[in-house]
Protein chains: 2
Amino acid sequence: MATGRTHRPATRSRGIPEATVARLPLYLRALTALSERSVPTVSSEELAAAAGVNSAKLRKDFSYLGSYGTRGVGYDVEYLVYQISRELGLTQDWPVVIVGIGNLGAALANYGGFASRGFRVAALIDADPAMAGKPVAGIPVQHSDDLEKIIQDNGVSIGVIATPAGAAQAVCERLVAAGVTSILNFAPTVLSVPDGVDVRKVDLSIELQILAFHEQRKAGEVAAASDGGVPAAAARNESADQGPDGDMPAVMPA
Amino acid sequence: MATGRTHRPATRSRGIPEATVARLPLYLRALTALSERSVPTVSSEELAAAAGVNSAKLRKDFSYLGSYGTRGVGYDVEYLVYQISRELGLTQDWPVVIVGIGNLGAALANYGGFASRGFRVAALIDADPAMAGKPVAGIPVQHSDDLEKIIQDNGVSIGVIATPAGAAQAVCERLVAAGVTSILNFAPTVLSVPDGVDVRKVDLSIELQILAFHEQRKAGEVAAASDGGVPAAAARNESADQGPDGDMPAVMPA
DNA sequence: CCATCTTTGTGCACGCGTTCACAAAGACAT
DNA sequence: ATGTCTTTGTGAACGCGTGCACAAAGATGG
């Protein structure tokens, strides 16, 4: 999972739990696959297996949406696709801007999963003047001087930040000031935003670190003995920390 | 958040809750920034603010690691950096392979956040023969025929999958068979793996869909009235679903 | 129309995670 | 030494999410 949301103490937006909302896209994907195979109905058991969750959870999730589904039969695939799409707001068009067209930004611009779900890349924005006009994924990159105008002209409410960490907070503030109220942040920084703005964070290195934790545990249930009283700052350099570059800017917003 | 882990019913690995483990990298990043500024100590309040969590949670998280920290003063930054690094297993070197060197794979190969945390990109692997030998981020791409040999020669236990969805499960099985026990999956598919293998998923389009849900709620607390009895399969095509491409393969593993 | 069989929808209990609030611990000044 | 002040570490309460297990609902067949 991309790492969790920021702020928002699990606000149950109208009765649909956050945890359920986070799973709806999963169900939608599985249902879309079934739909393409022209499968008319599916039981909670089958769909749960396809989505990788247990069936009781799936049924409870759907119960928050309403009583779609027929006892003894299952769920109508097409109908459920529609209902979930509507609930997620995917029946409307969402113009999105991507700020920071480096390797990652370009990958995002090319990513098919956006367009196929009602998300339209309205503009690519970068601070490098050399990038301006250069097409990426068929869309010409625009300079960040025009950020505010681009947001307003296109009615953008969702922004994707793929800049270096050092630039993220400033970009974020400009996006918010221009009217963006949802941000997907790929920069390895904690963004601070005013109330009413949603931020979701995707942090590649955090995911790897979590895996490393479990990996270490699997590998050395035994070797984890050299514990105890390390003299404060003595140890540390073993093999990690090679290369002063990395994902962290020398200065940090706060 | 990249979306959550698959399987593993919140196994509390030795007393450190999963939720805490997921936040340790966050603390580590904030602490590293402080360390670079040569800040000697930090209070739970300050550090919590920098990491974007509340201070009580941070203190409880640290209490699972042990009683580092001095009452009345705070935490020794260097010492804490070391302790968290050790706990996460970052004091050792983790060779990683990236499979699928498309836009995203290339972006990952270039991503600085990996190298700076003890993760070393041991190899790039792609199924396209035309890619073989071509250097990406200074590392020559190798053909997937040699996947097993690469894994074994380098002692790789962590694999990153950045292939199209259709290829992900097959790649996953080959990785696991070759000895990989932790997988970071960027392909929009549910991977099924044997017990003992950890999978974490990062799904870009899911994150956007969750944002869209909240965005819709913010935008139209009012306009959400056309509800009720939709005739099963009638609606659906409005503006979403343009383009049959996307993140979902026509056939799905299961 | 009745019986049987399948599958949904949900009440309930349990466990994890979060937060509060405070006692204990130590620094620091006098 | 003693007192004050800061900040940690944690017991306890609470709330959310999960999973069990079953009653209700409807399909299907005779």
Side-chain angles (χ1 to χ4, degrees), chain A residues 1 3-24 26-27 31 39-77 79-80 83 210 232, chain B residues 1 3-24 26-27 31 39-77 79-80 83 210 232:
Chain A
M1 114 187 107
T3 320
R5 63 193 165 289
T6 320
H7 283 166
R8 183 182 299 270
T11 311
R12 182 177 291 206
S13 307
R14 159 184 150 205
I16 302 184
E18 267 299 304
T20 295
V21 172
R23 280 188 295 268
L24 290 181
L26 226 54
Y27 302 143
L31 284 164
V39 176
T41 62
V42 64
S43 72
S44 64
E45 203 70 50
E46 293 166 323
L47 185 56
V53 302
N54 100 22
S55 66
K57 192 186 297 188
L58 179 142
R59 286 198 300 276
K60 180 145 289 190
D61 283 342
F62 285 174
S63 78
Y64 292 115
L65 306 183
S67 267
Y68 316 137
T70 311
R71 295 175 193 230
V73 176
Y75 299 93
D76 181 292
V77 171
Y79 186 56
L80 204 48
Q83 288 297 346
I210 296 171
Chain B
M1 111 187 108
T3 322
R5 65 195 166 285
T6 321
H7 283 168
R8 181 184 298 270
T11 311
R12 180 176 294 206
S13 308
R14 161 189 151 200
I16 302 183
E18 267 299 304
T20 295
V21 172
R23 280 187 295 268
L24 290 182
L26 226 54
Y27 302 144
L31 284 164
V39 177
T41 62
V42 65
S43 72
S44 64
E45 203 69 50
E46 293 166 322
L47 185 54
V53 303
N54 101 21
S55 67
K57 191 186 297 188
L58 179 141
R59 286 198 302 275
K60 178 141 288 190
D61 283 343
F62 285 175
S63 77
Y64 292 115
L65 306 183
S67 265
Y68 316 138
T70 309
R71 296 174 192 231
V73 176
Y75 300 92
D76 180 291
V77 171
Y79 186 56
L80 204 47
Q83 288 298 345
I210 296 171

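Order of the sequence lines fixes the chain letters, A, B, ..., with proteins taken first and strands second; residue numbering starts at 1 for each chain.
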**Q** Could you check how far CG of B/Leu65 sits from C1' of D/dG9, rounded to whole Å?
**A** 13 Å

**Q** Hey, does B/Thr20 reach any base, or is it just sugar-phosphate, or nothing, if we go heavy atoms under 4.0 Å?
**A**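 If one applies the 4.0 Å heavy-atom cut-off, B/Thr20 turns out to touch nothing in the nucleic acid.
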
**Q** Summarise how protein sits on nucleotides 20-26 of chain D as a single string, 5' to 3': B when a protein heavy atom is under 4.0 Å from the base, S for sugar-phosphate-only contact, - for no contact.
**A** BB--BB-

**Q** Could you tell me which residues satisfy side chain to side chain contact (heavy atoms under 4.5 Å, CB included) with A/Ser43, sequence neighbours excluded, listed by chain and number?
**A** A/Glu45, A/Glu46

**Q** Atom NZ of A/Lys57 and atom C1' of D/dG19: how far apart are they, to the nearest Å?
**A**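 Result: 9 Å.
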
**Q** Nearest whole angstrom, please: distance from the C1' of C/dT8 to the OH of A/Tyr27.
**A**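 Those two atoms, OH and C1', are 15 Å apart.
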
**Q** Measure CD/A/Glu45 against P/D/dG19 and give the value in whole Å, please.
**A** 13 Å

**Q** Taking the side chain of A/Glu18 as heavy atoms from C-beta outward, which of C/dG9, D/dG17, D/dT18 is closest to it?
**A** D/dG17

**Q** Report yes if at least one side-chain N or O of A/Tyr75 is closer than 4.0 Å to OP1 or OP2 of C/dG9; otherwise report no.
**A** yes

**Q** Would you name the heavy atoms of B/Ser44 and B/Leu58 that are closest together and state the gap between them?
**A**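 Of all heavy-atom pairs spanning B/Ser44 and B/Leu58, the closest is CB-CD2, 3.7 Å.
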
**Q** Nearest whole Å is fine: how far is D/dG19 P from A/Asp61 CG?
**A**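 In whole Å, D/dG19 P lies 11 Å from A/Asp61 CG.
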
**Q** In whole angstroms, how far is the P atom of D/dT8 from the CG atom of B/Leu47?
**A** 10 Å

**Q** What is the distance, to the nearest angstrom, from the CG atom on B/Leu58 to the P atom on D/dT8?
**A**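 Between P of D/dT8 and CG of B/Leu58: 9 Å.
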
**Q** Just jot down the salt bridge (Lys or Arg N to Asp or Glu O under 4.0 Å) partners of B/Arg59, sequence neighbours excluded, or say none.
**A** none

**Q** Rounded to the nearest 0.5 Å, what separates atom CG in A/Leu31 from atom CG in A/Leu80?
**A**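 A/Leu31 atom CG to A/Leu80 atom CG measures 5.0 Å (nearest 0.5 Å).
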
**Q** Apply the test side chain to side chain contact (heavy atoms under 4.5 Å, CB included) to residues A/Val53 and A/Arg23: give CA-CA distance (whole Å), side-chain angles for both, the deciding distance (0.1 Å), then the verdict.
**A** CA-CA 9 Å; A/Val53 302; A/Arg23 280 188 295 268; 4.0 Å; yes

**Q** Apply side chain to side chain contact (heavy atoms under 4.5 Å, CB included) to A/Ile210 and B/Leu24, showing your working.
**A** CA-CA 9 Å; A/Ile210 296 171; B/Leu24 290 182; over 6 Å; no

**Q** Roughly how far, to the nearest 0.5 Å, is OG1 of A/Thr41 from CG of A/Leu47?
**A**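 Spacing of CG (A/Leu47) from OG1 (A/Thr41) equals 11.0 Å.
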
**Q** Nearest whole Å is fine: how far is D/dG11 C1' from B/Tyr64 OH?
**A**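 Checked: the OH to C1' distance equals 12 Å.
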
**Q** To the nearest 10 degrees, what angle separates the axes at the start and end of the helix from C/dC1-D/dG30 to C/dT30-D/dA1, five pairs each?
**A**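 End axes: 10° apart.
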
**Q** Using ring-ring contact (aromatic ring centres under 6.0 Å, His included) as the criterion, list what pairs up with B/Phe62, not counting sequence neighbours.
**A**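 So B/Phe62 forms a ring-ring contact (aromatic ring centres under 6.0 Å, His included) with B/Tyr27, B/Tyr75.
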
**Q** Can a side-chain donor-acceptor contact be found between A/Asp61 and A/Thr20 if the only test is distance below 3.5 angstrom?
**A** yes

**Q** Is the distance from OP1 or OP2 of D/dT8 to the nearest side-chain N or O of B/Ser44 less than 4.0 Å?
**A** yes

